Amino acid sequence: MKSDTLATHLGRDPGKNHGIVNPPVYHASTVLFPTVEKLKETERRRLEPGHTHYGRMGTPTSFALEEAITTLEGGHGAVTASSGLGAICLALTACLKSGDHALIADTAYHPTRTFCNEVLSKYGVKIDYYDPLIGAGIEELIQGNTRVIFMESPGSLTFEVQDVPAITQAAKKHGITTMIDNTWATPLFFNPLDHGVDISIHAATKYIVGHADAMLGIIVANQRTYPTIRNNAVRFGQSAGPDDIYLGLRGLRTLPTRLRHHQDQGLRLAKWLQKRSEVIKVLHPGLEGDQGHTLWKRDFSGASGLFGVLLNDYTDTAVAAMLDGLKLFGMGYSWGGFESLILPVQPALSRSATVWSAQTPLLRIHVGLESLQDLTADLEEGFNRLNDDKLKG
Ligand SMILES: Cc1ncc(COP(=O)(O)O)c(C=O)c1O
C-alpha cells in the first residue's frame, strides 16, 4: 500500500474497538497478572514489542505508533521517547561505550552536539565531527574503535544533503553502526533504512505531531540494532506520555496531506525569496542549483517546509526591525507545526569540522499552512522595515 493509505490506517483497528475510528489512549503504570505463571511469563517476554509488562515498557498506545512508523520506515521495530533529543541520546548511548569513537555530522542539531561534547565525552567516548559533504571520504576518518557514524540530512540550519548510501557503504565495510536524524524528511520523504542506515530517528515533535502541542521522539531500528535500542530505553527508564503519543498518532493521519502542502508552499516561497534583492541565497535542497539538489533528487521523494535564507549585509537592528514586526511568522524554536515560523540563526557557533564563512544574517523559515499570499505580504512589509533601517543607517 502507498504511504498515504498506510498513514491513514496503521495503528488503529475499529473492529476491535467497538467500531470507533481512533484507538483508545491507555494511561498505565501497573499491569496486573492473574497468576504466578503469567507473572513469570511476563518477565521472560518483557522486551517483546506489543507485550504489556509495566507502563514504562509500553502500552497498546505506544505500540500502535511504533508499529505504524516502523512500517512506514521499513524497519524491524521502533521505540518511542519523551522528545526528539531524548530519542537521539537513547540511540547514541545504546551503541557506544567508553573507549569507542563516534563520527558526528558537523551539521547535527546543536543539542545533539552538546550531548556528545558534554555527556558522551564525560563517559569516555571520543567524538569527532565530519564535513557533512564528505560522502565516501568518511572512510579516511574511520578509526579502529569507531562504532557509530551519525548523520543528519539535510543538516540543521544550513541544509546540506549528505550522500547517505556512500557513507553507509563505507560504514558497513568496517562493521560500524549508522544512524540518522530524519526529522526534516519524515518517514514519508526519505527512508534511510532503504539506503543502508541502521537507525532512523525522528523528533516527532515536528511534523508527525504537526500541531506544536506535544514533545515526542521515535527511533526506528533494523533487526540487528532493535534489541539494543529497546533494551537501552528500558534501562534508561525512557517512555513518552500516552497523550503525547496519541497526538503523534493523530498527526500521522494528516501527515501526507500536510507535508505535501508544506512542500508546495515552501518551494513557492523559496522561489519568491530568490528573486528579492534583500536575499543573497536561499538554502533549500528542493531548488535547482542548490548544492544538495542532485542528491536530494536521487534519494528523497519530497521536501518539507523548513529552509534557510541568507540576507545581504544588514545590521542586527535592521533584522530585528524586520522580524519584530512580522504578524504571521512567529519567532520561536521548533518547526513542523501548522504555523509559519522564522528565526535568526548562527551556524558558525555550531561548526567545528567545517567553516560557515558567510558574514551576513541567516534566517531559518518554516512555512506553515497559511495562505502564501498573506505570508509573502507579511515578509514584504518586513523587507520594507529592513531596508528602512539601512536607509537610515
Ligand atoms: C533536526 C532536529 N532534531 C531533533 C530535534 C529535537 O527534538 P525535540 O525538540 O523533540 O527534542 C530538533 C528540535 O528542534 C531538530 O530540529
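For ligands, and for the atoms within them, numbers begin at 1 and follow the listed sequence. It should be emphasised that the depicted structure is a prediction, and the values quoted were computed from it without experimental measurement.
The closest side-chain heavy-atom distance from I127 to V125 is below 4.5 Å.
Taking atom 5 (C) of ligand 1 as the reference point, the nearest protein heavy-atom neighbour is Y109 CE2, 3.3 Å. Protein heavy atom at the shortest distance from atom 8 (P) of ligand 1 is G84 N, 3.4 Å. Remark: minimum distance from atom 14 (O) of ligand 1 to any protein heavy atom is reached at K206 NZ, 2.7 Å. Here the heavy atom of the protein found nearest to atom 16 (O) of ligand 1 is W335 NE1, 3.0 Å.
Which parts of ligand 1 touch E152 is read off a 4.0 Å heavy-atom cut-off, strictly below it: atoms 1 (C). Below 4.0 Å from some heavy atom of T205 lie the following atoms of ligand 1, by number and element: 8 (P), 10 (O). Set against the non-hydrogen atoms of M215, the atoms of ligand 1 under 4.0 Å away are 8 (P), 9 (O), 10 (O).
Under 4.0 Å is where a charged nitrogen must lie from a carboxylate oxygen, and between D4 and R260 at least one such pair does. Comment: K38 engages E41 in a salt bridge, judged by a side-chain N to carboxylate O separation of less than 4.0 angstrom. Between E48 and R230 there is no salt bridge, since no side-chain nitrogen of the basic residue lies less than 4.0 Å from a carboxylate oxygen of the acidic one.
Considering backbone and side-chain atoms alike, A203 places every N or O at 3.5 Å or more from each N or O of ligand 1. Checked by distance only, ligand 1 and S334 stay at 3.5 Å or farther apart across all their nitrogen or oxygen atoms.
For an aromatic pair to be called close, the ring centres must be under 6.0 Å apart, and F190 with F300 satisfies this. For W335 and Y207, the gap between ring centers is short of 6.0 Å.
Distance check, rounded to the nearest 0.5 Å: CD1 of I167 to CD1 of I149 gives 7.0 Å. L269 CG to D264 CG: the interatomic distance, rounded to the nearest 0.5 Å, is 11.0 Å.
Checking L85, T183, T107, D181 against atom 3 (N) of ligand 1, the nearest heavy atom belongs to D181.
Heavy atoms of Y333 come nearer than 4.0 angstrom to ligand 1 in no pair at all.
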